[in-house]
Amino acid sequence: MRPGSLLLTRLYGFALLAGVLGLAGCSRIPGRPGPGPEVPRPDDVLDFSTLYKSNCAACHGENGMDGVAISLANPVYLAVAGEENVRQIVANGVPGKLMPPFSKSAGGMLTDKQVAVLSHGMIERWGKADLLAGLNPPQYRTTLSGDAARGQQAFGTFCAGCHGTEGEGSAGDAKSKSGKVGSIVDGSYLALISDQGLRSFVIAGRPDEGMPDWRTDAAQPMTDQQITDVVAWLASQRTRNPGQPYPTKP
């Protein structure tokens, strides 16, 4: 091959190689948009941990416990409530209380599919299958009528040992992490929690705080009627205008 032809062939080869490399490198040019979004669209997030951390952890605790609201990593609560009740609460919230609705159809930010991922994920991650098999647990939502007078008596039997005779709390409860139990008849507390929330605590307890469930530490577990009556008594302690009174001028 003549020297001139060899040179042209080499130049052509280099040019072809540079072109191929250039085309391959175009997809990695800094700032060039990729084929899909850099960050997933909010509606496309279907990972339980991500959804829980963004929407639930602030109130219910990072791992479903040790939050200001009810422990969701409580298998007794999940077993009694069931996935459908959990889904409805996540979707619609608790009107008039601190639990907001999360479903878009109720004014929230999550799709129905994301709500389902959350409710199913709680059962899957923190629930225990057949936990209450062979037992007769109380219903999550009662159909009974409560009696406050009977409730006060039941409270004295099952609850006063930790919460005080009148629900005012106690300063020496060894079961509590903090060593004391606050008042559960405080007007502000009762204004923020629903009757169903009170019932859920009585039924499922707070294992993260040493509070037993409806089976209690007594010789006999609480009956559905006793739980309903205790909730009726606690509800009767609500005040019309809870909170600290405004100071009066001298």
Side-chain angles (χ1 to χ4, degrees), residues 45 47-83 85-94 97-102 108-110 114-115 117-129 131-132 137-138 140 158-164 167-217 222 227 230-231 234:
V45 177
D47 175 66
F48 171 78
S49 296
T50 302
L51 289 171
Y52 181 86
K53 182 177 181 180
S54 301
N55 298 281
C56 314
C59 293
H60 294 281
E62 182 179 357
N63 296 305
M65 60 178 63
D66 296 323
V68 296
I70 194 168
S71 172
L72 297 175
N74 181 349
V76 174
Y77 170 73
L78 295 175
V80 173
E83 185 172 339
N85 278 319
V86 173
R87 188 196 65 77
Q88 289 184 11
I89 296 169
V90 175
N92 302 316
V94 180
K97 303 303 176 183
L98 291 180
M99 173 68 184
F102 284 90
M109 299 291 289
L110 300 182
Q114 289 173 317
V115 169
V117 167
L118 278 172
S119 56
H120 182 71
M122 293 174 200
I123 300 293
E124 190 175 57
R125 178 167 297 191
W126 296 317
K128 291 183 179 179
L131 176 68
L132 303 180
Y140 177 70
F158 295 101
C159 314
C162 294
H163 294 282
E168 72 280 6
S170 63
D173 183 20
K175 298 175 186 176
S176 173
K177 287 184 178 180
S178 61
K180 61 181 180 180
V181 176
S183 171
I184 56 172
V185 293
D186 178 80
S188 297
Y189 171 73
L190 290 174
L192 295 173
I193 190 170
S194 66
D195 286 3
Q196 182 60 52
L198 292 170
R199 181 176 176 84
S200 295
F201 276 125
V202 176
I203 293 174
R206 282 208 63 168
D208 50 338
E209 289 291 337
M211 176 182 172
D213 57 40
W214 92 97
R215 291 167 287 188
T216 75
D217 294 329
M222 296 181 75
I227 293 170
V230 166
V231 172
L234 290 172

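Starting from 1, each residue takes its place in the sequence as its number.
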Could you tell me the separation between the [atom1] atom of [X] and the [atom2] atom of [Y], rounded to the nearest 0.5 Å?
X: M222; Y: W214; atom1: CE; atom2: CH2; answer: 11.5 Å
X: C59; Y: M99; atom1: SG; atom2: CE; answer: 8.5 Å
X: L198; Y: Y189; atom1: CG; atom2: OH; answer: 5.5 Å
X: L98; Y: L192; atom1: CG; atom2: CG; answer: 4.5 Å

Is the closest side-chain heavy-atom distance between [X] and [Y] below 4.5 Å?
X: P138; Y: R199; result: yes
X: V76; Y: R215; result: yes
X: V185; Y: H163; result: no
X: F102; Y: L51; result: no
X: K97; Y: I193; result: no

Derivation and outcome, side-chain hydrogen bond (donor to acceptor under 3.5 Å, both in side chains), residues S183 and D186 = CA-CA 6 Å; S183 171; D186 178 80; 5.3 Å; no
Could you tell me which non-hydrogen atom of [X] sits nearest to which non-hydrogen atom of [Y], and how far apart they are?
X: A79; Y: L131; result: CB-CD2, 4.4 Å
X: V80; Y: P137; result: CG2-CB, 4.4 Å
X: D66; Y: D208; result: N-OD2, 2.9 Å
X: L78; Y: L72; result: CD1-O, 3.4 Å

Among N85, V86, I203, find the one that has a side-chain contact (heavy atoms from CB on, under 4.5 Å) with Y140.
->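 The side-chain contact (heavy atoms from CB on, under 4.5 Å) with Y140 is passed solely by N85 among N85, V86, I203.
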Have S71 and N74 got a donor and an acceptor in their side chains that come within less than 3.5 Å?
-> no
Can you check whether V45's main-chain N or O pairs, donor with acceptor, with Q114's side chain at less than 3.5 Å?
-> yes
Could you go through the side chain to side chain contact (heavy atoms under 4.5 Å, CB included) check for L110 and L118 one step at a time?
-> CA-CA 10 Å; L110 300 182; L118 278 172; 3.7 Å; yes
Could you walk me through whether R125 and S49 pass the side chain to side chain contact (heavy atoms under 4.5 Å, CB included) test, one step at a time?
-> CA-CA 10 Å; R125 178 167 297 191; S49 296; 3.1 Å; yes
Is it true that atom CD of E168 has more than 12 heavy atoms of other residues, nucleotides or ligands lying nearer than 6.0 Å?
->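 Above 12, so yes.
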Could you walk me through whether H120 and F48 pass side chain to side chain contact (heavy atoms under 4.5 Å, CB included), step by step?
-> CA-CA 9 Å; H120 182 71; F48 171 78; over 6 Å; no
Between W126 and Y52, ring centroids under 6.0 Å | yes
D213 and R206: side chain to side chain contact (heavy atoms under 4.5 Å, CB included), yes or no, with the steps?
-> CA-CA 7 Å; D213 57 40; R206 282 208 63 168; over 6 Å; no
